[in-house]
Amino acid sequence: TGIEELVKRVDGLSLDAISEKYPNCYPENNPFDVLRAHLSNILGGVTGVDTNIIYPNLQWTQGLDKGDIVLAAPSLRLKGKKPDELAKEWTDKFPENDPLFQKPVVSGYFLSFFVQPDPLIKSVIPMIRERGAEYGRNKFLGLRDPKDPSKGQKRIIVEFSSPNIAKPFHAGHLRSTIIGGFLANLYQGAGWDVIRINYLGDWGKQYGLLALAFEKYGDEEALKKDPINHLFHLYVRINTEMTAEKEELAKKKEAGEDIAELEANSLDEQARRYFKKMTDRDPAALDQWKRFRDLSIARYKETYARLNIRFDEYSGESQVSEEAMDKIGKEMEEKGIAKEDNGAMLVNFAELVPGKEGKRLEKPIVRKKDGTALYLTRDISELLGRYEKYKFDHMIYVVASAQDLHLKQLFKIIELLGHKDIAAKCQHINFGLVQGMSTRKGTVKFLDDILRDVADKMHETMKKNEDKYSQVENPEATADTLGISSVMVQDMSGKRINNYTFNMDVMTSFEGDTGPYLQYAHARVSSIRRKANLSDEELATADLTLLTETHAVNIVRLLAQWPDTVQNTLRTLEPTTVLSYLFKMTHALSSSYDHLKVVGSERELMKARMALYDAAHTVLGNGMRLLGLSPVERM
Ligand code: ARG
């Protein structure tokens with residue numbers, strides 16, 4: 001196999017031995033694990049330091065010009081000599097003719113190591129061919145015990161998207177959907193058992209109001225045809241009415257009229273009563289509500305499918321049982337976590353958690369005066385319910401940073417309830433705002449409308465190149481995919497916590513590191529393969545020693561980094577870690593085309609170069625799919 005090409009170059013090196021010897025070393029998946037293991041073995045001899053101290057200190061470089069691996073001399077913590085001197089000394093002692101590494105380059109106290117191109121090329125390209133979609137994945141990472149698969153996988157819940165029924169699917173939900181979908185893919189690729197949960201905002205007095213609106217103005221046809229928009233319109237209409245009514249009542253009150261009777265029949269009061277029926281499980285009220293919910297979910301599912309996302313569970317605030325919340329409420333009271341205050345129950349963190357932290361956590365209400373539960377109360381019950389049901393090892397909430405406080409309060413209450421272990425498994429993955437997201441007509445819109453706008457724009461762009469356009473089989477579908485890629489890549493370009501401005505012109509451009517550019521880079525490699533018209537067999541048997549140019553070597557060096565990039569992403573949990581890698585790859589590819597022609601080259605050279613580009617195609621595709629994009633083969 002490919003990886004054996006690397007291992008067999010070194011006398012006495014074996015896959016089993018290194019995966020035994022070094023922690024988190026999975027050489028079958030990662031050429032860099034072999035390189036680091038071998039380098040640690042050499043440096044152990046050179047420095048006299050224990051190889052297990054060296055191994056974790058071998059770092060990635062800032063760029064290919066800085067080598068493939070770097071070691072900072074002080075990181076080995078040797079006392080006595082100056083780090084600069086040590087670096088020089090070790091370089092002098094480094095073997096002259098190592099099969100895998102060139103002599104290190106010293107700069108200050110850094111040693112940069114460059115891999116020998118020949119063994120790297122001969123192992124990485126075949127390795128990518130063999131592993132295909134698996135290249136970059138590592139199913140061992142998610143095992144309870146990496147040495148014993150029979151002990152099972154670790155389980156993670158990723159809760160994401162979580163829109164509110166009858167309300168706009170806004171930028172916060174879009175970001176949660178994009179980031180959450182990506183994180184779920186990431187953990188799945190790392191061998192975890194992933195449960196995707198969508199926690200809908202589908203409960204509360206406002207939904208009593210919505211049901212009233214449907215009784216008054218609802219249209220059965222419209223509901224079935226487009227539930228999300230119909231419910232939204234009803235919701236807007238009834239809210240406008242309710243606001244007007246409230247103003248009216250306030251005026252009357254001011255004028256000294258007795259408004260008690262009017263208030264008792266107000267929309268607000270009717271909504272409260274309707275919602276009370278819902279919480280009391282009145283069958284008619286519940287059925288109606290379930291219908292709204294089911295129809296909305298059916299529509300959401302269509303949109304999620306366009307984004308390559310599916311959920312294992314549509315949970316939601318409505319699914320949290322009143323009994324469970326009562327029970328937790330009592331427990332919180334008994335344990336002195338929640339206290340009565342003017343008829344309501346609240347958690348005064350300042351009294352429970354010492355110092356600044358307690359103050360920062362504020363004083364949230366968990367039960368209103370009228371006995372109703374709140375967003376936070378439902379989250380407490382839901383979290384514990386999920387633990388009961390799934391016994392997760394980890395749970396991620398992908399929610400906007402606007403809710404930082406809410407989630408801190410939630411996790412702290414779980415801890416105060418005596419579930420420190422469960423709280424420790426929970427993590428809030430937050431993200432910043434999107435500014436300026438609206439449709440071309442300028443109104444608040446649903447995700448579908450935004451995706452349609454972006455797709456239209458991409459379609460216009462595609463039409464400008466008539467020649468190419470005529471060759472695309474299904475231009476509408478391609479435009480849709482490109483539109484989605486535009487939105488997603490823009491969203492994933494910066495760190496999650498950064499705010500960004502939704503800019504349709506920038507995201508749909510082919511200039512710069514955009515979605516369309518990434519898709520173009522992928523489609524271009526496909527097009528070369530179509531033109532070269534070589535068989536898989538020819539690629540598999542290509543003579544890779546013909547790949548001698550710096551451009552070819554550099555592409556391979558980047559390809560070799562892919563599994564490490566994925567592993568690093570499991571630490572950063574940032575889509576941009578993957579995206580920046582992919583753009584590095586596309587830049588290396590685009591600058592290579594003039595130097596490494598396929599079509600028009602002599603047959604053997606053509607095969608070798610195509611084998612290289614084919615490997616790049618696989619890795620680009622793997623990276624794009626990890627992000628949740630659908631790579632296109634033509635555009
Ligand atoms: N539906 C909420 C909103 O739109 C987001 C839910 C976040 N998840 C949670 N468990 N609270 O703001």
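In listed order, ligands and their atoms are each counted from 1.
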NZ (Lys420) with more than 12 external heavy atoms under 6.0 Å: no
Side chains of residues 319-327: which donor-acceptor pairs under 3.5 Å do they make with residues two or more places apart or in other chains?
residue : atom : partner : partner atom : Å
Ser321  : OG   : Ala324  : N            : 3.0
Asp326  : OD1  : Arg367  : NH2          : 2.8

Amino acids contacting ligand 1, non-hydrogen cut-off under 4.0 Å: Glu159, Ser162, Asn164, His173, Tyr199, Tyr375, Asp379, Tyr397, Val399, Gln403, His406
Checking Lys584 against Tyr581: charged group under 6.0 Å from the ring centre and within 45 degrees of the axis? no
Quick check on side-chain hydrogen bond (donor to acceptor under 3.5 Å, both in side chains): which of Arg625, Arg137, Arg196 does Asn185 satisfy it with? Arg196
Evaluate Lys425 against Asp393 for salt bridge (charged side-chain N to carboxylate O under 4.0 Å, His left out), listing each step before the verdict. CA-CA 6 Å; Lys425 297 179 202 287; Asp393 297 276; 5.3 Å; no
Distance under 6.0 Å and angle within 45° of the ring axis: does Arg237 meet both against Phe232? no
